[in-house]
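Worksheet: one structure, shown below.
Residue numbering restarts at 1 for every chain, and letters A, B, ... go by the order of the sequence lines.
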Protein chains: 2
Amino acid sequence: MTATPFPVSEIVATRRPHRKDAARNYDALLDAAREAFAEHGAEASLEDIARRAGVGIGTLYRNFPTRRDLFETVYADEVNTLCRAAAELADREPWEALTAWLDRFAGYMVTKRAVREALDGESGIFQACRESMYAAGGPLLERAQRTGAARADMDFGDLLRMVAGITATVFDDDAQRNRVLAIALDGVRAGR
Amino acid sequence: MTATPFPVSEIVATRRPHRKDAARNYDALLDAAREAFAEHGAEASLEDIARRAGVGIGTLYRNFPTRRDLFETVYADEVNTLCRAAAELADREPWEALTAWLDRFAGYMVTKRAVREALDGESGIFQACRESMYAAGGPLLERAQRTGAARADMDFGDLLRMVAGITATVFDDDAQRNRVLAIALDGVRAGR
DNA sequence: ACTGTAGCGGAGGTACCCCTCCGGTTCAAT
DNA sequence: ATTGAACCGGAGGGGTACCTCCGCTACAGT
């Protein structure tokens, strides 16, 4: 009833350094990377990221030997947050819980599509994140389907792609994005 | 009843050269650019494009002094094709005509999002293309709305963004993409 | 306070890309 | 066939990004 109804695992055992200065640099790098990827997409300059973090390029490479390492860490971080959010929504109305979570999902994904794009399908961590996310959010859809609030002829993957695709698009303003999202979600209720 | 029910304008007076060899190079460059943009996104290497076209880099720059020139020409080309398609669908059933056109739209746009992205909002030609596209496709939606096949509380812009967003996403396979698109389109019928 | 070591920054080699410029080539009009 | 204008390719200068390497710094454990 209370607490977390389904397990929320931390996906990556992040290699955060022990020493104080090192840990500070590590965090600064992650923040800078998040920002840079959101702004410039998957091929943001690593040197620029180091610059933003106020850190030498060597430090970046020591913490994340590969561009992919950086991607994975940033991405896994986001997914962890999302999984926690799903747990907190478990006691709301089925349809409301689902849409509220999708809202969060959209918020995190708008700026993160670059990261997902770069990792899609080719990474072990990505696979783990995916499973984690499905485990966390999937029940929200199933519950809505059981109560008849959502059509039964679709799965959680369909839903996520739909929302991800729509939210990743450039709209005139947030009102239009929400309008379009609402229309598409009407399709999710419509089937039955 | 016959021919084109609404005007289909050629948007850019393309500066295709007169001389035979020059014209051949021009075409090769456009093809290579289309391909490269689809593959590598907006910042594909111009030198690579010239290489693909089997042409010196100088020739590329003579024909398209600016990366934007190349973008605009490629993009305008696509839009022209799409406008012609709309004209040809005018005598089908309203809903069927609309979805058939959106199908074409999706096909052209999946690989072209890079071009749209790079041009979005900042280009005069883009504005013209947009208008052309709306003039060509908009009536298909309005017709469907008049007959009650589509909900009235949305406009053509909403619909295009929705379809563009969904089709630009990576799916497991085409079946999933079509399934998700169908669900969203159910939302377009649902409102009323 | 001392000290060994984990961690730091950034110079610099390599690679690629952008774009200009010009000697040579090819077309088409006579 | 001739010829001059239009067009060609690619060398090369300038810039930026990637990534390695190493002399120096500052932390943490005693």
Legend entry - Annotated protein contacts, base or backbone, on nucleotides 5-21 of chain C with a non-hydrogen cut-off under 4.0 Å, one of B, S, - each: -BSBBBB-----BBBB-
For [X] and [Y], indicate whether the former's side chain and the latter's backbone hold a donor-acceptor pair under 3.5 Å.
X	Y	value
A:Arg177	A:Asp172	no
A:Glu35	A:Ile49	no
A:Asp69	A:Thr66	yes

Quickly work out the [X] [atom1] to [N] [atom2] distance and round it to whole Å.
X	N	atom1	atom2	answer
A:Ile49	D:dT16	CD1	P	18 Å
A:Asp69	D:dC19	CG	P	11 Å
A:Phe64	D:dC18	CZ	C1'	17 Å
A:Arg68	D:dC19	CZ	P	13 Å
A:Leu60	D:dC21	CG	P	17 Å

Legend entry - Within residues 139-182 of chain A or reaching into it, pairs that qualify as ring-ring contact (aromatic ring centres under 6.0 Å, His included) - sequence neighbours excluded: A:Trp101-A:Phe156, A:Tyr134-A:Phe156
Inset, instruction - Taking the six-membered ring for Trp and the single ring otherwise, decide whether the centroids of B:Phe71 and B:Phe64 are under 6.0 Å apart. - result: no
Legend entry - side-chain contact (heavy atoms from CB on, under 4.5 Å) evaluation trace for A:Val74 with A:Leu29: CA-CA 10 Å; A:Val74 168; A:Leu29 278 170; over 6 Å; no
